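Inspection log for the structure reproduced underneath, given as structure tokens.
The shown structure was predicted, so the numbers you read here are calculated from the model rather than taken from an experiment.
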Amino acid sequence: KAAVQGNVRAQVNLGMMYHNGEGVTQDDQEAFKWFRKAAVQGNAYAQNNLGVMYEFGRGLPKDYIRAHMWYNIAASSGLELATENRNEMEAKMTPAEVSKAQEMARHCVQSHYKQCQ
């Protein structure tokens, strides 16, 4: 109920439950939905989790650019894990891809998460 009402912590927790299949049937698309709701409210853990989902193609096609974008946004909030994930992601990407991801991250944050691709 709290997640539906917009409680960010509850949204992240519900996303993790769906991601891991804890207490509910494992469902990556539901996990993505709840992580995204929390991520656009500025939650760094949810933002990092979206990066993981994009990096590994959990419930959606793999997309290193979007993974980097979400890791970068989470890292800018000081989440060390996201910084590590972003740096590891960069090793798998071309300089042009990194540049595009950085531009997307800036656009996402500047739009107050309303225009995050």
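- Every salt bridge (Lys or Arg N to Asp or Glu O under 4.0 Å) that Arg58 has, sequence neighbours left out, goes to Asp28.
- In the hydrophobic cluster analysis, where Ile, Leu, Val, Met, Phe, Trp and Tyr join through side-chain heavy atoms closer than 4.5 angstrom, Leu60 is grouped together with Met89.
- Annotation: side-chain contact (heavy atoms from CB on, under 4.5 Å) contacts of Ala75 (sequence neighbours excluded): Ala82, Thr83, Arg86.
- Rounding to the nearest 0.5 Å gives a distance of 9.5 Å between CH2 of Trp70 and CE of Met104.
- Residues Met16 and Glu22 form no side-chain contact, since every pair of their non-hydrogen atoms from C-beta on lies 4.5 Å or further apart.
- Legend: residues meeting side-chain contact (heavy atoms from CB on, under 4.5 Å) with Gln29, ordered by chain and number and at least two apart, are Asp27.
- Remark: side-chain polar atoms of Glu97 are paired, donor with acceptor, to backbone N or O of Thr94 under 3.5 angstrom.
- In this structure, the side chain of Asp63 engages the main chain of Ile65 through a donor-acceptor pair within 3.5 Å.
- For Glu84, the side-chain contact (heavy atoms from CB on, under 4.5 Å) test picks out Glu80, Leu81, with sequence neighbours left out.
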Exercise. Before giving the answer on side chain to side chain contact (heavy atoms under 4.5 Å, CB included), spell out for Tyr45 and Leu79 the whole-Å C-alpha distance, their side-chain angles and the decisive distance to 0.1 Å.
Key: CA-CA 8 Å; Tyr45 292 100; Leu79 186 62; 3.5 Å; yes
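- Contacts classified as disulfide (SG to SG under 2.5 Å) and involving residues 46-113 (residues at least two apart or in different chains) are given here: Cys108-Cys116.
- Listed by first then second residue, pairs satisfying disulfide (SG to SG under 2.5 Å) with a partner in residues 24-57 number zero, not counting sequence neighbours.
- With sequence neighbours excluded, no residue satisfies side-chain hydrogen bond (donor to acceptor under 3.5 Å, both in side chains) with Asn43.
- No continuous path of hydrophobic side-chain contacts links Leu14 to Met53 [ILVMFWY only; heavy atoms under 4.5 Å].
- Among all heavy-atom pairs drawn from Lys62 and Gly57, the shortest one is CG-N, 3.6 Å.
- Screening residues 4-17 for side-chain hydrogen bond (donor to acceptor under 3.5 Å, both in side chains), with sequence neighbours left out, gives Gln11-Gln41.
- For Lys33, the salt bridge (Lys or Arg N to Asp or Glu O under 4.0 Å) partners two or more places apart in sequence, or in a different chain, are Glu30.
- Note that the CE atom of Met93 and the NZ atom of Lys100 stand 10.0 Å from one another [nearest 0.5 Å].
- Between the side chain of Ser111 and the backbone N or O of His107, at least one donor-acceptor pair lies under 3.5 Å.
- Among residues at least two apart or in separate chains, there is no disulfide (SG to SG under 2.5 Å) pair with a member in residues 32-88.
- Linking ILVMFWY residues whenever their side-chain heavy atoms come closer than 4.5 Å, directly or via other members, leaves Val4 and Val40 in distinct clusters.
- Take Val24 and apply the side-chain contact (heavy atoms from CB on, under 4.5 Å) test, not counting sequence neighbours, and it matches Met17, Tyr18.
- Once rounded to the nearest 0.5 Å, the distance linking CD of Gln26 with NE2 of His19 reads 7.5 Å.
- Phe35 places none of its side-chain heavy atoms less than 4.5 Å from the side chain of Val52.
- In this structure, the separation between CD on Glu103 and CZ on Arg106 is 6.0 Å, given to the nearest 0.5 Å.
- Pairs engaging residues 46-57 under the side-chain hydrogen bond (donor to acceptor under 3.5 Å, both in side chains) rule: Gln47-Tyr113, Asn48-Asn85, Glu55-Tyr71, Glu55-Lys92 [sequence neighbours left out].
- Residue Gly51 comes nearest to Ala67 through the heavy atom pair O-CB, 3.3 Å, listed as atom of the first residue, atom of the second, then distance.
- In terms of heavy atoms, Ala74 sits closest to Ala44 at CB-O, 3.3 Å.
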